[in-house]
**Student:** 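Quick one: structure below, then a few questions.
One-based numbering, in listed order, for ligands and for the atoms of each. From a predicted model like this one, the values you see are computed outputs, not experimental measurements.
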Amino acid sequence: MTQGEKLYEGKAKILYATEDPQLVIQYFKDDATAFNAQKRGTILGKGAVNNQISSALFQMLEQQGIPTHFVRKLSEREMLVKRLTIVPLEVTIRNIVAGGMAKLLGLEEGIILKRPVFEWHYKSDALGDPLINDDHILALGVATTEELEFIRTQSHQINGILKAYFAQRQIDLVDFKLEFGRFGNRILLADEISPDTCRFWEQGTKKKLDKDRFRRDLGDVEAAYQEMLNRISPSRSG
Ligand code: 5GP
């Protein structure tokens, strides 16, 4: 699979065309941004770590019956994925209060929720990905009722699978963000699942092993990403 023209460059990844119009290469960068790109930096080795973590998680989810855009890992920083039209929505699922929910409702971080909280955010850098509801989405024609139902059901299933997977590795899955895309008449899980897009707390110590170390200047950012990779694929990371 050879790398063709650059199709899109985002904050953490670049998409390249391939000779197959249905497939694109997702290249993972070391660049990190936070607070709607007001804070910028580099997390050395992040691209390679996130590609490995994301590849392992997509493969695991596929085995559990979740359709994703993942085709295969091509190299240290490159993943071959199906070419989708991204639905301009970000799904957040929360199991424990942190980040945006703590701020929105004036809550302490760490409250264990009685049931997962599902949120839609409209994908817009200019607006800071605002929280929206089904009515906004349907009234504006961003997605159909069927698409919303499918994405909601898939997201809850993914949460169940990931929560159990990380619990086996002594990690609490606090919250995470998902994106989905249209591929023909199907909806596939897209983007990445990594310490950039999830909050991971080590059980017992509550040590943060995710991008909050970068966002909040907590130090040991690279080590935290590497620690998550070690827990996910101990034999390949070393
Ligand atoms: P919050 O709404 O609390 O800021 O984020 C909730 C979860 O979704 C966190 O795990 C966070 O990393 C992820 N998340 C939400 N929005 C974004 C985003 O625009 N980019 C990335 N990388 N992660 C996001």
**Student:** Which bit of Glu90 gets closer than 4.0 Å to ligand 1, counting heavy atoms only: side chain, backbone, both or neither?
**Tutor:**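 Under 4.0 Å from ligand 1, Glu90 contributes side-chain atoms alone.
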**Student:** Salt bridge check, Lys208 against Glu202: does any charged N sit closer than 4.0 Å to a carboxylate O?
**Tutor:**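 No, Glu202 and Lys208 are not salt-bridged.
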**Student:** Only heavy atoms count here, so choose which of Asp175, Asp212, Leu178 is nearest to atom 10 (O) of ligand 1.
**Tutor:** Asp175
**Student:** So does Asp31 get a backbone contact from the side chain of Lys46, meaning a donor-acceptor N/O pair under 3.5 Å?
**Tutor:** yes
**Student:** For Phe35, what are the other residues in its hydrophobic cluster, where any two members join if their side-chain heavy atoms are less than 4.5 angstrom apart?
**Tutor:**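 Traced through the cluster, Phe35 reaches no other member.
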**Student:** Under 4.0 Å from any heavy atom of Asp196, which atoms of ligand 1 are there?
**Tutor:** 12 (O), 21 (C), 22 (N), 23 (N)
**Student:** If you measure from atom 5 (O) of ligand 1 to every heavy atom of Lys177, Arg199, Arg215, which option wins on shortest distance?
**Tutor:** Arg199
**Student:** Go through the steps for Ser54 and Phe28 under the test side-chain contact (heavy atoms from CB on, under 4.5 Å), then give the verdict.
**Tutor:** CA-CA 10 Å; Ser54 233; Phe28 288 75; 4.3 Å; yes
**Student:** What atoms of ligand 1 come closer than 4.0 angstrom to any heavy atom of Gly99?
**Tutor:**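 Once the distances to Gly99 are compared, the set is 3 (O).
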**Student:** What atoms in ligand 1 come closer than 4.0 Å to a heavy atom of Thr92?
**Tutor:**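 Selected atoms, number and element: 6 (C).
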**Student:** Thinking salt bridges, do Lys163 and Asp172 make one under a 4.0 Å N-O criterion?
**Tutor:** no
**Student:** Are any side-chain N or O atoms of Glu179 and backbone N or O atoms of Leu89, one a donor and one an acceptor, separated by less than 3.5 Å?
**Tutor:** no
**Student:** For ligand 1, is Arg94 a contact, meaning one of its heavy atoms is under 4.0 Å away?
**Tutor:**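 It does, in that a heavy atom of Arg94 comes within the 4.0 Å cut-off of ligand 1.
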**Student:** Which bit of Thr197 is near ligand 1, meaning a heavy atom under 4.0 Å away: side chain, backbone, both or neither?
**Tutor:**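 Contact part for Thr197 vs ligand 1: both backbone and side chain.
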**Student:** For atom 3 (O) of ligand 1, what's the nearest protein heavy-atom neighbour? Residue, atom name and distance, please.
**Tutor:**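 Among all protein heavy atoms, the one nearest atom 3 (O) of ligand 1 is Gly100 N, 2.6 Å.
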**Student:** Measuring centre to centre across the rings, with the benzene-like ring taken for any Trp, is Tyr122 within less than 6.0 Å of His136?
**Tutor:** no
**Student:** Going by distance only, is there an N or O of Asp129 that falls short of 3.5 Å from an N or O of ligand 1?
**Tutor:**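 By distance alone, the answer is yes.
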